[in-house]
Amino acid sequence: MKPFFCSLIAATLAISTPALSGPPAQVTKGNNDGAGSLRVALGSGATHIIIQPSVQTITVTETLLYLGTKPLTVIGSGQTIDGSGLTNNLAPIFEVTNGANLTIRKLSFDGGGGYSRSDNLGSGVEVSGGKGIFVDVPVGRTGTVEVELTHVAVFGTGNHGIHISDCTLGDECGGGGGGAGKGSPASIRVRLNNVLVDGAGFGKQDADGVRIDDRNDGDIHFSVVDSVFKNVGADGVELDEGNKGSVYLEVRNTTFEMNGKYCLDGEFIKGDPCDGGGDPDVDDGFDVDEAGPGSIKGRLMNMQVNSNFDEGLDFDEGGDGGIDLRLISIYAQGNVDEGIQVSERNYGDLRISLRAVTLRNNGSKEDAEIEEKDSGDIEVTVKGSLIGELKISEGGSGDGTVKIRGSTIVEPPDLDNVTEI
């Protein structure tokens, strides 16, 4: 089996500084609108906006809209944009409508919180609360949509905390395994540096801390450094690549904790959206789904993945393409299902390296489950790790091997059509 890990992932995901032209617009007032407001700056045609330190809180009653197509940069100095008083409580706090590249630095977005699933029972509408940051990608977009957030926090939004949607179905796009909806041929590149998402996603089902949907030929490039995703109703982060294209990952020094609880709130009745065959539909810390031709490739290191209500890390590849991942210094405990779950279907190989990984006391039978379901090969390497229970399976016609070196597997590994070498 030939490895196909791309050694240039880090280089392709490196953070860059956008080129700016013209004098920046200055935000000098925290009002919803009027002279000196952020709303006026966004509508002025300016593409570089600076919020003056004298502004402490920006209070908005309608969505802050950027309608342009040129790259937009908004730089604060620690201010909060308060969206708790939006007159339309389903609206985003901040929205880019035409897929423009977006850079935001040193700002917080506060939805106010207070959303609960019980607010929606019996109403026929299972939504309460909008998104924090929303980038909508039109079907005609080409090239690469770039979103860079640095020192940004999102709190208490009822819907997704941060959503980049290249899908005509919007919030009904569904998971990558389904591949529903259409999208542009553009790729999506997201860089998160020192980002916090806390308390998002408790106003509707399947509302994630960060959600990226891609439904055409482009790739998803996702880079995260020094960030925290916690107390989110659905997945802390969910990446759905639902057509041609691959997912490239570079994640470092990041925490996923206590995500996926939304469907544990309230009373479950027959036909309820959260009733998954009698069980609540809980979600993961970090969930990556790739469907159609394309692969999942990347490196994740120095991570805490604890007490999520389904899997801690969940990677699923369902089309023609493989999985190639390096997981280094991952600590996962207390997740209700596996700490790490990796599954590859159809034509493609699965190659995963676990180094200095600690997986203990996760609620599933296995702390880690790695499976190749169809004709591809599976190759697993475990070095310097401590794992309670490990299951590796080759369910198709391919070869399966595992190397375990300098590691402790508490229970004998469960190997199905896999040879330890």
Side-chain angles (χ1 to χ4, degrees), residues 12-13 15-16 18 42-43 47 63-74 90-104 109 130-149 152 154 157 159-192 195 197 200-201 206-224 234-235 237-249 287-294 296:
T12 64
L13 295 177
I15 291 176
S16 60
L42 289 167
T47 59
T63 297
L64 292 164
L65 290 173
Y66 180 68
L67 306 177
T69 57
K70 295 181 179 179
L72 172 68
T73 296
V74 180
L90 305 185
I93 298 173
F94 188 98
E95 180 175 353
V96 173
T97 62
N98 285 305
N101 294 347
L102 175 65
T103 299
I104 299 177
F109 298 79
K131 304 169 186 176
I133 300 170
F134 178 40
V135 177
D136 196 11
V137 181
V139 294
R141 181 68 154 90
T142 58
T144 301
V145 178
E146 308 231 10
V147 176
E148 180 182 321
L149 307 179
V152 167
V154 179
T157 59
N159 205 325
H160 305 300
I162 300 164
H163 188 196
I164 296 92
S165 177
D166 187 1
C167 179
T168 54
L169 297 182
D171 283 352
E172 304 304 318
C173 196
K182 298 179 181 179
S184 79
S187 293
I188 298 173
R189 187 185 305 274
V190 175
R191 306 176 183 93
L192 306 181
V195 167
V197 180
D206 199 27
D208 307 303
V210 176
R211 175 72 166 264
I212 302 176
D213 293 309
D214 181 83
R215 286 298 181 274
N216 205 319
D217 294 349
D219 301 319
I220 295 176
H221 300 258
F222 187 67
S223 172
V224 187
D235 299 304
V237 171
E238 180 170 355
L239 311 180
D240 285 335
E241 208 303 309
N243 208 312
K244 294 180 180 178
S246 295
V247 178
Y248 299 95
L249 306 170
D287 183 14
V288 180
D289 295 311
E290 198 286 320
I296 300 173

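When a residue number appears, it is its place in the shown sequence, counting from 1. None of these values were measured; they are calculated from a predicted model.
To the nearest 0.5 angstrom, I220 atom CD1 is 10.0 Å from D289 atom CG. Between the CD atom of E148 and the OG1 atom of T103 there is a distance of 5.0 Å, given to the nearest 0.5 Å. For the atom pair CD1 of I104 and OG1 of T73, the computed distance is 9.5 Å after rounding to the nearest 0.5 Å. Rounded to the nearest 0.5 Å, atoms CG (D136) and CD (E95) are 6.0 Å apart. Taking CD1 of I133 as the start and CG of L64 as the end, the distance is 11.0 Å to the nearest 0.5 Å. Put simply, OG1 on T157 and CZ on F134 are 13.0 Å apart, with the number rounded to the nearest 0.5 Å.
In this structure, L42 and L72 have side chains that are in contact, with non-hydrogen atoms separated by less than 4.5 Å. At least one side-chain heavy atom of V197 sits less than 4.5 Å from a side-chain heavy atom of I162.
G68 and A100 make their closest contact through O-CB, 3.6 Å (heavy atoms, listed as atom of the first residue, atom of the second, distance). The minimum heavy-atom distance linking P71 with Y66 is given by the pair O-OH, 4.5 Å. Summarising the geometry of G181 relative to C167, their closest heavy-atom pair is CA-SG, 4.1 Å, with the distance given to 0.1 Å. In terms of heavy-atom proximity, E290 sits nearest to N243 at OE2-O, 3.6 Å. What you find for D208 and D235 is that their closest heavy atoms are OD1-N, 2.9 Å. The shortest non-hydrogen separation linking G99 to P138 is N-CD, 3.7 Å.
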**Request:** Run the numbers on S246 and D219 for side chain to side chain contact (heavy atoms under 4.5 Å, CB included), then give the verdict.
**Result:** CA-CA 5 Å; S246 295; D219 301 319; 3.9 Å; yes
Evaluate side chain to side chain contact (heavy atoms under 4.5 Å, CB included) for T63 paired with I93, printing each intermediate quantity in order. CA-CA 5 Å; T63 297; I93 298 173; over 6 Å; no
Go through V135 and F94 one step at a time and tell me if the side chain to side chain contact (heavy atoms under 4.5 Å, CB included) criterion holds.
CA-CA 9 Å; V135 177; F94 188 98; over 6 Å; no
Stepwise side chain to side chain contact (heavy atoms under 4.5 Å, CB included) check, D240 with R215
CA-CA 8 Å; D240 285 335; R215 286 298 181 274; 3.9 Å; yes
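In this model, a donor atom of one side chain and an acceptor atom of the other lie less than 3.5 Å apart for D213 and H163.
Here the side chain of N98 pairs a donor or acceptor atom with the backbone of L67 at under 3.5 angstrom. In this structure, S184 contributes its side chain and A186 its backbone to a donor-acceptor pair below 3.5 Å. Using a distance-only test at 3.5 Å, with no hydrogens or angles considered, no donor-acceptor pair links the side chain of T144 to the main chain of E146.
Ion pair K131/D171 flagged as a salt bridge, since at least one NZ, NE, NH1 or NH2 atom sits closer than 4.0 Å to an Asp/Glu carboxylate oxygen.
Here the rule is side-chain contact (heavy atoms from CB on, under 4.5 Å) with I212, and of V147, V190, D166 only V190 fits it.
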